[in-house]
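Since the structure is predicted, the reported quantities are computational estimates derived from the model, not experimental observations.
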Amino acid sequence: MRHIFNEGTSKDAPVLLLLHGTGGTENDLLGLAELISPESAVLSVRGNVSENGMPRFFRRLAEGVFDEEDLIFRTKELNDFLEEAAGKYGFDRNNMVAVGYSNGANIAGSLLFHYEHALKGAVLHHPMVPRRGISLPDLSGIPVFIGAGKNDPICPASETEELGRLLVEAGASVAVHWENYGHQLTRTEVDAAGDWFKKNFGK
Ligand code: MLT
C-alpha cells in the first residue's frame, strides 16, 4: 500500500498508524501525529480504493452504506500490510495505535472489530459502526478515544453511542469526546485526543 514511514525519536512510544478521510492522502494527518505524540514513529497509509479519484480505505454503496464484502477484504489487506511494514521498518507490530479520521476511523474500527491484536489502542475521529451482527474479538485493556460531533450529519450521536457500547462490551476502555459541531475535526478535539494519549500511553 502507498505509505509514508517516519522514524520516531523514541523506540518505546507507540507507532502511530495514520488513516485519512475520504479524498485524503497519506500526507493529511502528519500534523495530527505531531500534536498527539511527537516522539512516535509514524506509518501513514493511503487507502487502496478510489471513488471517482478520491482515495478511500474501502468501497461504499452510498453515503454511510458500506460495501461489507470489500470492507472485510480491505481490512485484511491493511492488517497484512501492517505485518509486512513492521518487518520492513523494524518496529514492534504489537505497539501500534491508530489515528483515523472519518473513513480512516472506520477502517481502524474495522481492524478492532475483526482482529484481536491489530491495535494497542485507537483514536477514532468521527467514526461510524463498521459492521453489525458480528461478535467482536476480546478487546480487554484496549483504550479507544472517540471524537464525535453532536451535529454530525454523517455520523449521528446515536451511532457514536452504539459504537462505544459495542467496543465496551468487547472489553475496550472507551472515552467519548463530544464537540458541538458537525463532521469536521476541530483543534479542541485533537487536543483532547492528545491528552487522552498521554494519559494512556505517556511515560
Ligand atoms: C465512510 O464512508 O467511511 C463514511 O461515510 C465517512 C466518509 O465520508 O468517509
Which atom of Cys155 lies closest to which atom of Thr160, heavy atoms considered:
SG-OG1, 3.6 Å
Close side-chain approach of Val49 to Asp70, heavy-atom, < 4.5 Å:
yes
Using modelled atom types and a 3.5 Å cut-off, is there a donor and acceptor pairing between side-chain atoms of Ser40 and backbone atoms of Pro14?
yes
Nearest 0.5 Å, what's the NZ-CG distance between Lys88 and Leu43?
10.0 Å
If we ignore angles and hydrogens, is there a donor and acceptor under 3.5 Å between the side chains of Asn94 and His117?
no
Hey, what do you get for NZ (Lys76) to OG (Ser110), rounding to the nearest 0.5 Å?
13.0 Å
Quick one: does Trp196's side chain get under 4.5 Å of Lys199's, heavy atoms only?
no
Say whether Tyr89 and Met96 are linked into one hydrophobic cluster, either directly or through other cluster members, by side-chain heavy-atom distances under 4.5 angstrom.
yes
How about His20 and Tyr101: do any of their side-chain heavy atoms sit closer than 4.5 Å?
no
Side chain proximity check, Leu119 to Ile142, heavy atoms < 4.5 angstrom:
no
Any side-chain to backbone donor/acceptor pair from Glu63 onto Ile154? Under 3.5 Å, distance only.
no
Tell me, with the steps shown, if Arg187 and Asp191 meet salt bridge (Lys or Arg N to Asp or Glu O under 4.0 Å).
CA-CA 6 Å; Arg187 178 62 196 250; Asp191 287 344; 3.0 Å; yes
Evaluate the side chain to side chain donor-acceptor pair (under 3.5 Å) criterion for residues Ser102 and His183: first the C-alpha distance (whole Å), next the side-chain angles of each, then the deciding distance (0.1 Å), finally the verdict.
CA-CA 8 Å; Ser102 191; His183 199 62; 2.7 Å; yes
Looking only at side-chain N and O atoms, does Ser10 offer a donor or acceptor that is under 3.5 Å from a partner on Asp12?
no
Do Phe5 and Phe91 have their ring centres less than 6.0 Å from each other?
yes
Verify, without hydrogens or angle tests, whether Asn106 (side chain) and Pro130 (backbone) share a donor-acceptor contact under 3.5 angstrom.
no
Under a 3.5 Å distance rule, please check whether Arg93 uses its side chain to pair with a backbone N or O of Ala118 as donor and acceptor.
yes
Checking Glu189 against His126: is there a side-chain donor and acceptor pair closer than 3.5 Å?
yes
Listed partners of Glu162 passing side chain to side chain donor-acceptor pair (under 3.5 Å), at least two apart:
Arg132
Looking just at side-chain N and O atoms, do Ser44 and His3 make a donor-acceptor pair shorter than 3.5 Å?
no
For a quick test of reading the model, state the closest non-hydrogen atom pair linking Val97 to Ala122 and the distance between them.
CG1-N, 4.0 Å
Supply the atom-to-atom distance Ser135 OG to Glu169 CD, rounded to the nearest 0.5 angstrom.
12.0 Å
Heavy atoms only: give me the nearest Phe66-Leu61 pair and the separation to one decimal.
O-CD1, 4.0 Å
Looking only at side-chain N and O atoms, does Thr22 offer a donor or acceptor that is under 3.5 Å from a partner on Arg56?
yes
Is it true that a side-chain atom of Asn103 and a backbone atom of Phe57 form a donor plus acceptor pair closer than 3.5 Å?
yes
Do Ile107 and Met54 share a hydrophobic cluster, counting only Ile, Leu, Val, Met, Phe, Trp and Tyr and linking them when any side-chain heavy atoms are less than 4.5 Å apart?
no
Restricting to non-hydrogen atoms, name the atom on Gly182 and the atom on Pro153 that form the minimum distance, rounded to 0.1 Å.
CA-CD, 4.4 Å
Does the side chain of Leu16 come within less than 4.5 Å of Phe197's, by heavy atoms?
yes
Can you confirm whether the side chains of Thr188 and Glu179 place a donor and an acceptor under 3.5 Å from each other?
yes
Min side-chain heavy-atom separation Leu18-Glu26 under 4.5 Å
no
Do Leu17 and Val15 belong together in a cluster built from hydrophobic side chains that touch within less than 4.5 Å?
yes
Look at the side chain of Arg60 and the backbone N and O of Ala62, then say whether any donor-acceptor pair between them is shorter than 3.5 Å.
no
Spatial distance of atom CZ (Arg46) from atom OG1 (Thr25) [nearest 0.5 Å]:
5.5 Å
Using a 4.5 Å cut-off on heavy atoms from C-beta on, say whether the side chain of His114 contacts that of Ile134.
yes
side-chain contact (heavy atoms from CB on, under 4.5 Å) between Leu32 and Leu185, worked out:
CA-CA 10 Å; Leu32 275 195; Leu185 187 50; 3.9 Å; yes
Above 12 or not: heavy atoms from other molecules or residues under 6.0 Å from OH of Tyr181?
no
Taking every heavy atom of Arg131 against every heavy atom of Phe113, the minimum-distance pair comes out as O-CE2, 3.3 Å
Any side-chain donor paired with an acceptor under 3.5 Å for Glu39 and Thr9?
no
side-chain contact (heavy atoms from CB on, under 4.5 Å) between His177 and Ile146, worked out
CA-CA 6 Å; His177 171 87; Ile146 297 177; over 6 Å; no
Out of curiosity, does Ile72 fall in the hydrophobic cluster containing Tyr115 (side-chain heavy atoms, cut-off under 4.5 Å, transitive links)?
no
Using side-chain heavy atoms (C-beta onward) and a distance below 4.5 Å, is Arg2 in contact with Val45?
no
May I have the step-by-step check of salt bridge (Lys or Arg N to Asp or Glu O under 4.0 Å) for Arg59 and Glu51, ending in yes or no?
CA-CA 8 Å; Arg59 285 183 214 290; Glu51 183 183 272; over 6 Å; no
Answer yes or no: are there more than 12 heavy-atom neighbours, outside Lys11 itself, under 6.0 Å from its atom NZ?
no
Kindly work out whether a path of hydrophobic side-chain contacts (I/L/V/M/F/W/Y, heavy atoms less than 4.5 Å apart) joins Phe73 to Leu112.
no
Under 3.5 Å donor-acceptor, Thr75 side chain and Leu71 backbone
yes
Distance (rounded to the nearest 0.5 Å) between Asp28 CG and Leu30 CG:
8.0 Å
State the NE2-CD distance between His125 and Gln184, to the nearest 0.5 angstrom.
13.0 Å
Please give me the minimum heavy-atom distance between Gly100 and Leu29, naming the atom from each residue.
CA-CD1, 4.5 Å
